[in-house]
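The analysis underlying the following values was restricted to heavy atoms, covering all of them including side chains, and did not include hydrogens, waters or symmetry mates.
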Amino acid sequence: MTIRCFLLSATVYVITVCLLYAVNINAKDVESFQTEGSTRAIRSLSTSDFHFPITCTGNITFGNSVVSIIPDYEEWENAKENCICLGGKLLELETSEENEFIKDTVRTLNTGVSGYWIGGYNLHNDGDFEWLSKPNQAMPFSDWDMETYPQPQGTADQRCMVIWRNFDFRWGDYYCTTRLSYICEFEHQ
């Protein structure tokens with residue numbers, strides 16, 4: 001596990017250094033978006049990509065958090081561990097404003113990825129999804145896809161949470177052993 005964390009951290013570091021040289025953002029080229037409370041998101045207006053300190057696909061700064069879109073394909077558990085190794089956690093969408101901003105971001109990036117793992121799970125297999133950092137607590141709101149394939153499907157083997165391109169990046173449950181891209185959330189220092 002330690003070697004895996006080191007290799008993942010080293011890879012992200014190299015990508016970050018390359019991005020810092022490749023993207024030059026001036027303060028006048030930044031758009032700010034205020035959400036509920038102290039949450040604030042920032043994005044560049046001068047490029048089609050987002051510039052962040054951690055990843056190659058895109059990051060978003062939200063108040064005290066940085067959200068990083070990781071293009072690697074991992075099973076949910078590995079994605080969760082990779083986010084922890086990098087010093088964060090799988091993304092937890094706690095307000096509808098944050099949720100909409102993330103959906104707009106992944107639509108804008110248009111990477112062709114079919115879905116992204118996020119930090120919701122059905123650990124007790126009772127149909128109630130929870131955020132990793134808030135076990136046994138109800139989610140403050142939901143954005144489950146209820147049109148395409150009503151979600152969550154509640155099957156015993158679809159216990160991990162994803163946002164799907166086919167659902168316009170609304171929430172869905174899926175098989176945890178599927179390899180997908182994922183989104184990490186980090187505390188901004």
Side-chain angles (χ1 to χ4, degrees), residues 1-19 50 52-94 98-99 102-103 105-106 109 111-140 142-144 151-165 167 169-189:
M1 182 66 157
T2 303
I3 292 173
R4 184 174 185 208
C5 286
F6 172 76
L7 292 174
L8 181 62
S9 296
T11 302
V12 170
Y13 175 78
V14 169
I15 292 169
T16 300
V17 170
C18 292
L19 278 177
F50 287 83
F52 306 102
I54 296 175
T55 192
C56 58
T57 301
N59 293 347
I60 304 164
T61 302
F62 283 104
N64 293 330
S65 297
V66 174
V67 176
S68 183
I69 299 167
I70 310 292
D72 297 338
Y73 287 84
E74 295 285 354
E75 295 178 1
W76 187 86
E77 186 66 33
N78 290 341
K80 179 184 85 164
E81 291 301 319
N82 288 349
C83 290
I84 291 169
C85 284
L86 293 169
K89 64 182 181 181
L90 278 173
L91 174 67
E92 297 178 5
L93 299 162
E94 299 184 55
E98 178 184 19
N99 187 65
I102 292 296
K103 286 172 24 176
T105 299
V106 293
L109 290 174
T111 61
V113 171
S114 61
Y116 298 93
W117 288 127
I118 59 175
Y121 68 101
N122 182 1
L123 182 64
H124 306 295
N125 202 22
D126 57 4
D128 293 332
F129 276 74
E130 305 160 351
W131 295 121
L132 285 167
S133 69
K134 296 179 176 76
N136 301 314
Q137 291 183 27
M139 293 178 166
S142 71
D143 191 24
W144 295 103
Q151 300 288 313
Q153 292 186 349
T155 61
D157 51 353
Q158 293 188 22
R159 298 174 37 178
C160 294
M161 202 162 152
V162 63
I163 56 174
W164 287 114
R165 174 176 299 287
F167 297 174
F169 296 107
R170 296 184 77 178
W171 302 357
D173 58 346
Y174 206 61
Y175 306 99
C176 301
T177 56
T178 303
R179 295 172 58 93
L180 295 171
S181 293
Y182 53 101
I183 304 175
C184 297
E185 181 175 2
F186 304 90
E187 192 172 316
H188 183 54
Q189 308 270 342

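- Residues Arg170 and Gln151 have side chains not in contact (no heavy-atom distance under 4.5 Å, counting atoms from C-beta outward).
- Closest non-hydrogen pair, Cys176 versus Glu75, comes out as O-CB, 3.5 Å.
- You'll find the side chain of Ile163 reaches within 4.5 Å of the side chain of Ile183, heavy atoms only.
- Using a 4.5 Å heavy-atom threshold, the side chains of Ile70 and Asn82 count as separate.
- Under the ring-ring contact (aromatic ring centres under 6.0 Å, His included) rule, Trp144 has a single partner from Phe169, Trp164, Trp171, which is Trp171.
- Contact of the Lys103 side chain with the Leu93 side chain is not registered, since no non-hydrogen atoms from C-beta on lie closer than 4.5 Å.
- Using a 4.5 Å cut-off on side-chain heavy atoms (C-beta onward), Ile69 and Thr105 make contact.
- Nearest heavy-atom pair across Tyr121 and Pro135 is OH-CB, 3.5 Å.
- With sequence neighbours left out, the side-chain hydrogen bond (donor to acceptor under 3.5 Å, both in side chains) criterion links Tyr73 to no other residue.
- Pairing each heavy atom of Phe186 with each of Ser68, the nearest pair is CE1-CB, 3.6 Å.
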Item to check | Leu90 vs Met161, side chain to side chain contact (heavy atoms under 4.5 Å, CB included): CA-CA, chis, key distance, verdict | outcome: CA-CA 10 Å; Leu90 278 173; Met161 202 162 152; over 6 Å; no

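- Of the inter-residue distances, the one linking Ile118 atom CD1 with Phe129 atom CZ reads 9.5 Å to the nearest 0.5 angstrom.
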Next on the checklist: Run Trp131 and Met139 through side chain to side chain contact (heavy atoms under 4.5 Å, CB included) and show every step you take.
Outcome noted: CA-CA 7 Å; Trp131 295 121; Met139 293 178 166; 3.6 Å; yes

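- In terms of modelled atom types and a separation under 3.5 Å, the side chain of Glu74 and the main chain of Tyr182 share no donor-acceptor contact.
- Minimum heavy-atom separation, Ser133 to Glu92: OG-OE1, 2.5 Å.
- Within the 3.5 Å criterion, the main-chain N or O of Asn122 finds a donor-acceptor partner in the side chain of Arg159.
- For Gln158 and Tyr174, the side-chain atoms include no donor-acceptor pair closer than 3.5 Å.
- In this structure the side chain of Glu81 reaches within 4.5 angstrom of the side chain of Glu77, judged on heavy atoms.
- A pairwise comparison of heavy atoms in Trp76 and Leu132 identifies CH2-CD2, 3.6 Å as the closest pair.
- Heavy-atom minimum distance, Ser181 versus Pro71: OG-O, 3.1 Å.
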